[in-house]
Enquirer: 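My structure is below; once you've seen it, I'll send some questions.
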Amino acid sequence: MENTNNQRLKIGVLTFHRCINYGSYWQARGLVEGLQKRGHDAVILDHQSSRVNFSEWKCALQPVLPTHVPASDHALYREKVEKFFKLFEALPLSPPFDLNDPSQMEAYDLVVVGSDEVWNLAHPWYSYCPLFYGDGLKAKRLISYAASFGNYQASWGLDKDWANKLFQFDHISIRDDNSSAIIEQALGFKPEMVLDPCLQFPIQYEKRAIPHRKTPYVALYGHNFSEFFISEVRAWADREQLPLISIGYRNDWADENWLTADPHDFANFIAEAKAVVTNFFHGCVFSLINSKPFVCETSPYRSIKVQGLMTKLGGEHHLITADSPTEVYNARLSEPLDSKIQERIEALRAQSNAYLDAALAPKLLALS
């Protein structure tokens, strides 16, 4: 959408942009490119932390823990990480600054905090980071876009000191009902609901061939699936004579494992799949982008955001539990997406654009 305010802003996007995760990469890139297409000078704020890097890289080299990672996979996961590193450096980045000392960051007309779990106080390595709550940011104005509290539950409440930090924001938008409830309880108002950047903005990925793949296949994205889920999906794929190919993570129950894929490979892989099997948030998102039949098992860490997304779009029937009968797997993996889901996405795109129009508009001075 074009910038209708005729004011070119210098914008910094504050998010988790160096995660070895396909969804994190595309949400960061999607948001900054979406703002650029509106006519603004937008970059990703390149915060640095040796502690966070160590945690991220350690996880990326052993991504399926507590499942054992065989020694033969170490070099493959390392190759995947190195591919991510190259793509990170090609992003539109600000000059680097310390995550815990933003005094060296440049000044901006506006900083956009989000998307992703930027306010998750239970995040394994970004928890209780004041920068994402606005502290120390050099900006004339602060807004959030599709911010989330991740697996931090609304029933836990938000400490007053952390809640007060959010009053620094001129506009707040979130991407799920749990985050909405936290904001409403803590700040006393209901925030705007917007779409994840991957659903809001076109994904500009390089077109690539899928290695060694000429026949239809089912994309498998995630890890540590439950035995009931594995059994049903495996049986359905065998009946349909479709190979299950796991991308990014080893799943020994798959027919093939592609561990070295980069984000562009991932986008092509989902776009060309016959159907998608996942337990990841962005597994659902990319299925929706490409109108693919899919099923998703909700995992403890991701259940809040996955359920929130599908409830928002009216797609709860794609979520699988231990009680889901075989007929549900058959229907969700074989039938086209309900057109009402796409209609809901379009309505939320319009709502998200309206939010950005208001949040990016020049702040008018009050008349004396």
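Positions are given from 1 along the sequence. Computed from a predicted model, the values in this text were never measured in an experiment. Only heavy atoms go into these numbers, but all of them, side chains included; no hydrogens, no water, no symmetry mates.
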Enquirer: For a quick check under 3.5 Å, do S103 and D101 share a side-chain donor-acceptor pair by atom type?
Expert: yes
Enquirer: Check the side chains of R239 and N330 for a donor-acceptor pair under 3.5 angstrom, ignoring hydrogens and angles.
Expert: yes
Enquirer: Kindly write out the residues that satisfy side-chain hydrogen bond (donor to acceptor under 3.5 Å, both in side chains) with K140, not counting sequence neighbours, or none if the list is empty.
Expert: D109
Enquirer: Under the rule for ring-ring contact (aromatic ring centres under 6.0 Å, His included), what residues qualify as partners of Y217, not counting sequence neighbours?
Expert: F269
Enquirer: For N100 and L131, run side-chain contact (heavy atoms from CB on, under 4.5 Å): C-alpha distance rounded to whole Å, both residues' side-chain angles, the deciding distance at 0.1 Å, then the answer.
Expert: CA-CA 7 Å; N100 298 311; L131 187 71; over 6 Å; no
Enquirer: What verdict does the side-chain contact (heavy atoms from CB on, under 4.5 Å) test give for R250 and Y77, after you've listed the backbone C-alpha separation in whole Å, the side-chain angles of each residue and the deciding distance to 0.1 Å?
Expert: CA-CA 10 Å; R250 177 169 296 284; Y77 285 129; 3.8 Å; yes
Enquirer: Count the heavy atoms of every other residue, nucleotide or ligand shown that sit under 6.0 Å from CD of Q241, and state whether that count exceeds 12.
Expert: no
Enquirer: Quick one: do K165 and D135 make a salt bridge, cutoff under 4.0 Å?
Expert: yes
Enquirer: Salt-bridged, R344 to D338, with N to O below 4.0 Å?
Expert: no
Enquirer: To the nearest 0.5 Å, how far apart are CD in E206 and NE2 in H264?
Expert: 4.5 Å
Enquirer: Indicate the atoms forming the closest heavy-atom contact of A60 with V81, along with that distance.
Expert: CB-CG2, 3.6 Å
Enquirer: Does the N178 side chain pair with the main chain of Q153, one donor and one acceptor, at a distance under 3.5 Å?
Expert: no
Enquirer: Give the ring-plane orientation class for W119 versus F149, where under 30° counts as parallel, over 60° as perpendicular and anything between as tilted.
Expert: tilted
Enquirer: Rounded to the nearest 0.5 Å, what separation is found between the CD atom of E256 and the CD1 atom of I245?
Expert: 4.5 Å
Enquirer: So, do H318 and F294 have ring centers that fall under 6.0 Å from each other?
Expert: yes
Enquirer: Rounded to the nearest 0.5 Å, what separation is found between the NE2 atom of H317 and the OG atom of S324?
Expert: 12.0 Å
Enquirer: Would you name the heavy atoms of A273 and K292 that are closest together and state the gap between them?
Expert: O-NZ, 2.9 Å
Enquirer: Got a sec, which residues hit ring-ring contact (aromatic ring centres under 6.0 Å, His included) with Y128, two or more places apart in sequence or on another chain?
Expert: W162
Enquirer: Looking at F228, is its backbone amide N or carbonyl O close enough to the side chain of S226 to form a donor-acceptor pair, meaning the two atoms are under 3.5 Å apart?
Expert: no
Enquirer: Is the number of heavy atoms from other residues, nucleotides or ligands under 6.0 Å of F54 CZ greater than 12?
Expert: no
Enquirer: If you measure from CD1 on I174 to OH on Y145, what distance do you get to the nearest 0.5 Å?
Expert: 11.0 Å
Enquirer: Is E240 salt-bridged to K274, going by a charged N under 4.0 Å from an acidic O?
Expert: no
Enquirer: Is it the case that the side chain of S24 and the backbone of I20 share a donor-acceptor pair, with hydrogens and angles ignored and the cut-off at 3.5 Å?
Expert: no
Enquirer: When you compare the side chains of S94 and E106, does any donor N or O come within less than 3.5 Å of an acceptor on the partner?
Expert: no
Enquirer: State whether R234 and D238 are salt-bridged, where the test is any N-O pair (Lys NZ or Arg NE/NH1/NH2 against Asp/Glu carboxylate O) under 4.0 Å.
Expert: yes
Enquirer: Considering residues at least two apart in sequence or located in another chain, which fulfil the side-chain hydrogen bond (donor to acceptor under 3.5 Å, both in side chains) criterion with Q48?
Expert: D46
Enquirer: Ion pair present between E82 and R78, side-chain N to carboxylate O less than 4.0 angstrom?
Expert: no
Enquirer: Considering non-hydrogen atoms only, spot the tightest contact between F97 and P102 and give its length.
Expert: CD1-CA, 3.8 Å
Enquirer: Answer yes or no: is there a donor N or O on one side and an acceptor on the other, between the side chain of S115 and the main chain of A146, under 3.5 Å?
Expert: yes
Enquirer: State whether E343 and K340 are salt-bridged, where the test is any N-O pair (Lys NZ or Arg NE/NH1/NH2 against Asp/Glu carboxylate O) under 4.0 Å.
Expert: no
Enquirer: Can you name the residues that form a side-chain hydrogen bond (donor to acceptor under 3.5 Å, both in side chains) with E227, not counting sequence neighbours?
Expert: none
Enquirer: Mind telling me whether F85 and F88 have parallel, tilted or perpendicular rings, with 30° and 60° as the class edges?
Expert: tilted
Enquirer: Check whether any side-chain heavy atom of C129 sits under 4.5 Å from a side-chain heavy atom of L99, and report yes or no.
Expert: yes
Enquirer: Just by modelled atom types, is the L288 backbone N or O under 3.5 Å from a matching donor or acceptor in the Q342 side chain?
Expert: yes
Enquirer: For Q204, is there any backbone N or O sitting under 3.5 Å from a side-chain donor or acceptor partner on R29?
Expert: yes
Enquirer: For W26 and Y205, take the angle between the two ring planes, folded into 0 to 90°, and tell me which bin it lands in: parallel under 30, tilted 30 to 60, perpendicular over 60.
Expert: perpendicular
Enquirer: With a 4.0 Å cut-off, would you call R175 and D196 a salt bridge?
Expert: yes
Enquirer: Is there a ring-ring contact (aromatic ring centres under 6.0 Å, His included) between F16 and Y25 once you walk through the steps?
Expert: CA-CA 8 Å; F16 301 161; Y25 172 84; over 10 Å; no
Enquirer: Walk me through whether Y249 and F280 qualify under ring-ring contact (aromatic ring centres under 6.0 Å, His included).
Expert: CA-CA 12 Å; Y249 307 96; F280 278 14; 5.5 Å; yes
Enquirer: Between F286 and Y221, is the ring centroid distance below 6.0 Å?
Expert: no
Enquirer: Between F132 and H123, is the gap from one ring center to the other below 6.0 Å?
Expert: no
Enquirer: Is the backbone N or O of R349 less than 3.5 Å from a side-chain atom of Q200, with the two atoms forming a donor-acceptor pair by type?
Expert: yes
Enquirer: List the atom of Q27, the atom of G114, and the distance in Å for their closest heavy-atom pair.
Expert: OE1-C, 4.4 Å
Enquirer: Closest approach of A122 and W156, non-hydrogen atoms and distance?
Expert: CB-CZ3, 4.3 Å
Enquirer: Distance from S155 atom OG to I182 atom CD1, nearest 0.5 Å?
Expert: 8.5 Å
Enquirer: Under 3.5 Å, side chain of E192 to main-chain N/O of I172, donor-acceptor pair present?
Expert: no
Enquirer: Within a strict 4.5 Å, meaning less than it, do heavy atoms of the K305 and N120 side chains meet?
Expert: no
Enquirer: Roughly how far, to the nearest 0.5 Å, is the CG atom of L348 from the CG atom of L195?
Expert: 4.5 Å
Enquirer: Indicate yes or no for a side-chain donor-acceptor contact from D262 to the backbone of K80 under 3.5 Å, with no hydrogens or angles considered.
Expert: no
Enquirer: For T15 and D116, test the side chains for any donor-to-acceptor distance below 3.5 angstrom and give the result as yes or no.
Expert: no
Enquirer: Should we say atom CD of E346 is surrounded by more than 12 heavy atoms from elsewhere, each under 6.0 Å from it?
Expert: yes
Enquirer: Can you confirm whether Y108 sits close enough to L45 that some side-chain heavy atom of one is under 4.5 Å from a side-chain heavy atom of the other?
Expert: yes
Enquirer: Tell me if a side-chain donor or acceptor on Q104 pairs with a main-chain N or O of D98 at a distance below 3.5 Å.
Expert: no
Enquirer: Would you please say whether a donor-acceptor pair under 3.5 Å links the side chains of N257 and N251?
Expert: no
Enquirer: So which heavy atom on G222 is nearest to which on F225, and how close?
Expert: C-CE1, 3.5 Å
Enquirer: Can you list the residues that meet the side-chain hydrogen bond (donor to acceptor under 3.5 Å, both in side chains) rule with S50, with sequence neighbours excluded?
Expert: none
Enquirer: Quick test of your reading of the model: are R332 and E335 salt-bridged, counting only N-O distances below 4.0 Å?
Expert: yes
Enquirer: Between E272 and R208 (salt bridge meaning N to carboxylate O under 4.0 Å), is one present in this structure?
Expert: no
